[in-house]
Visitor: 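For reference, the structure I am asking about is given below.
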Amino acid sequence: MRIDIVSVFPEYFDVLKLSLLGKAQDKGLLSVTAHNLRDWTHDVHHSVDDTPVGGGAGMVMKPEIWAQCLDDIMGLAPVSFGDDDQPVQSRDFRLIDAGDSTDAVDTSPKPILIFPNPSAPLFTQTDATELSRADHLVFGCGRYEGIDARVPEYYARQGVEVREYSIGDYVLNGGEVAVSAMIEAIVRLVPGFMGNPESIVEESYTGDPLLEHRQFTKPATWRGIAVDPVLTSGDHGKVDRFRRDEAMERTTRIRPDLVEELDCKALSKADRKTLMALGWEVSGQHPRRK
């Protein structure tokens, strides 16, 4: 997998050279390159932003600098759409489908272009799983008041698959933290990345939308606090059931919205019993509170 990142602080991504991410790059499983957006500026101050059209506080990142940078990374030629000025389309999107536009000029395979945006849909484990199958991802890290909204619109019209994601209901100074989080969530699902692929099977949000059970190591009793005897019983069936029940209890307590996504028809008899004991009605398509 090839990953390109555009930022005014490319050194921020030196952390991606550490641990398993670094080893994956050493093995040739991943290629990660951080580009400095200012390398595409042409003025003495290397300016990447300007005042917002219509007035207001803050600064907005210039579209032309972003376009020159992304064109070079993705191997695209500049295109002007139509002879008349066309207003940018106003729409909320996670994915801009290239089929939405009749202006697409190239049908050859292109990378997926991703922008973190606090106003976008939430990035989930499902998204990470899907993106882990991609060959080439390009991330654009905004700063200030963000990137001119015509940039994602422009590349969507080019036929590029464009996505915007939020990593939570809060605002950061820039997109670097969000991009780092998304990259780690994505690449750890690439085949060959994890030494033991079984280690991700029971994680939170993987498979059933449940939070993971708690984890413990030796000794079985530490400073007067003991793990549940089931975990030291050697009965793997009972251990699996204990962990499954705890996952359901934790999810009910912390993220009940995830329990509501479960498919009741896919639940085992023991699962149904546990959920009923936790106050769920499981006779319908999805669990609901009693």
Side-chain angles (χ1 to χ4, degrees), residues 91-95 97 112 114 116-134 163-171 177-178 181-191 193-194 196-217 220 225-290:
R91 55 182 172 181
D92 296 324
F93 57 82
R94 173 180 307 184
L95 161 66
D97 189 346
I112 299 175
I114 302 170
N117 184 339
S119 301
L122 190 66
F123 180 78
T124 68
Q125 186 71 15
T126 299
D127 297 310
T129 301
E130 180 184 352
L131 292 169
S132 71
R133 305 185 186 105
R163 302 187 181 203
E164 290 191 328
Y165 290 111
S166 167
I167 62 166
D169 295 336
Y170 47 87
V171 178
V177 170
M182 287 190 281
I183 288 175
E184 181 155 333
I186 292 165
V187 301
R188 65 193 304 276
L189 301 176
V190 172
F193 181 89
M194 299 292 287
N196 179 10
E198 293 298 317
S199 63
I200 66 174
V201 172
E202 295 183 354
E203 291 180 330
S204 300
Y205 314 112
T206 302
D208 284 336
L210 295 175
L211 303 182
E212 188 180 10
H213 55 80
R214 293 177 297 169
Q215 298 282 2
F216 306 94
T217 187
I225 305 173
V227 301
D228 193 284
V230 171
L231 298 175
T232 58
S233 67
D235 189 323
H236 298 298
K238 288 183 178 180
V239 170
D240 288 345
R241 187 66 252 166
F242 175 86
R243 289 174 170 171
R244 176 74 170 174
D245 288 346
E246 183 173 83
M248 291 183 172
E249 186 278 327
R250 294 189 79 203
T251 309
T252 293
R253 177 166 42 87
I254 300 170
R255 290 289 304 276
D257 58 301
L258 296 178
V259 177
E260 294 171 350
E261 297 178 15
L262 291 170
D263 181 357
C264 288
K265 293 182 180 179
L267 296 173
S268 68
K269 184 177 180 180
D271 287 343
R272 289 169 177 263
K273 182 179 179 181
T274 298
L275 287 175
M276 290 173 65
L278 291 169
W280 294 94
E281 170 60 53
V282 294
S283 59
Q285 182 177 0
H286 301 288
R288 58 183 177 85
R289 289 286 198 178
K290 293 180 180 179

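What's counted below: heavy atoms across the whole structure, side chains too, no hydrogens, waters or symmetry copies.
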Visitor: Supply the atom-to-atom distance L275 CG to K290 NZ, rounded to the nearest 0.5 angstrom.
Guide: 10.0 Å

Visitor: Below 4.5 Å, heavy atoms only, C-beta onward: do M276 and E281 meet side chain to side chain?
Guide: no

Visitor: Mind checking the CD-OG1 spacing from Q215 to T217? Nearest 0.5 Å is all I need.
Guide: 9.5 Å

Visitor: Please report the interatomic distance OG1(T251) to NE2(H213), rounded to the nearest 0.5 Å.
Guide: 11.0 Å

Visitor: How close do S233 and V239 get, counting heavy atoms only, and between which atoms?
Guide: OG-CG2, 4.4 Å

Visitor: Are E246 and R250 within salt-bridge range, i.e. N to O under 4.0 Å?
Guide: no

Visitor: Quick check: are there more than 12 heavy atoms from other residues, nucleotides or ligands sitting under 6.0 Å from CD of E184?
Guide: no

Visitor: Consider only side-chain N and O atoms of T124 and D127, and report whether a donor and an acceptor are under 3.5 Å apart.
Guide: yes

Visitor: Any side-chain heavy atom of W280 sitting closer than 4.5 Å to one from E260?
Guide: yes

Visitor: Considering only heavy atoms from C-beta outward, does the side chain of S283 approach that of C264 to under 4.5 Å?
Guide: no

Visitor: Between L231 and V227, which heavy-atom pair has the shortest distance, and what is it?
Guide: CD1-CB, 4.3 Å

Visitor: Should R244 and T274 count as side-chain neighbours, where that means a heavy-atom distance under 4.5 Å?
Guide: no

Visitor: Say you draw a straight line from CG of L278 to CE of M248; how long is it, rounded to the nearest 0.5 Å?
Guide: 8.5 Å

Visitor: If you round to the nearest 0.5 Å, how far is NE2 of H236 from CG of D240?
Guide: 8.5 Å

Visitor: Could you tell me whether R255 and D257 make a salt bridge, using a distance below 4.0 angstrom between a side-chain N and a carboxylate O?
Guide: yes

Visitor: Compare every heavy atom of A185 with every heavy atom of F123, then report the nearest pair and how far apart it is.
Guide: CE2-CB, 3.9 Å

Visitor: Quick one: salt bridge (charged side-chain N to carboxylate O under 4.0 Å, His left out) partners of R272, sequence neighbours excluded?
Guide: none

Visitor: Considering residues at least two apart in sequence or located in another chain, which fulfil the salt bridge (charged side-chain N to carboxylate O under 4.0 Å, His left out) criterion with D245?
Guide: R241

Visitor: Please give me the minimum heavy-atom distance between S166 and A120, naming the atom from each residue.
Guide: CB-O, 3.3 Å

Visitor: Between V230 and F242, which heavy-atom pair has the shortest distance, and what is it?
Guide: CG1-CB, 3.9 Å

Visitor: Inspect the surroundings of CZ in R253 and state if more than 12 heavy atoms from other residues, nucleotides or ligands are less than 6.0 Å away.
Guide: yes

Visitor: Would you check if P256 and R289 make a side-chain contact, meaning some heavy-atom pair closer than 4.5 Å?
Guide: yes

Visitor: Which heavy-atom pair separates L131 from I114 by the least distance, and what is that distance?
Guide: CD1-CD1, 3.9 Å

Visitor: What's the separation between atom CG in L210 and atom CD in E261, rounded to the nearest 0.5 Å?
Guide: 9.5 Å

Visitor: Begin with the C-alpha distance, continue with both residues' side-chain angles, and end with the deciding distance and a verdict on side chain to side chain contact (heavy atoms under 4.5 Å, CB included) for L211 and L258.
Guide: CA-CA 8 Å; L211 303 182; L258 296 178; 3.9 Å; yes

Visitor: Check the pair R163 / E130 against side chain to side chain contact (heavy atoms under 4.5 Å, CB included), numbers first and verdict last.
Guide: CA-CA 12 Å; R163 302 187 181 203; E130 180 184 352; 2.7 Å; yes

Visitor: Is the shortest heavy-atom distance from the side chain of M182 to the side chain of P116 under 4.5 Å?
Guide: yes

Visitor: Would a 4.5 Å heavy-atom cut-off, applied to side chains only, mark I167 and L122 as touching?
Guide: no

Visitor: Without swapping roles, check the side chain of H286 against the backbone of L262 for a donor-acceptor pair under 3.5 Å.
Guide: yes

Visitor: Any side-chain to backbone donor/acceptor pair from T232 onto P229? Under 3.5 Å, distance only.
Guide: yes

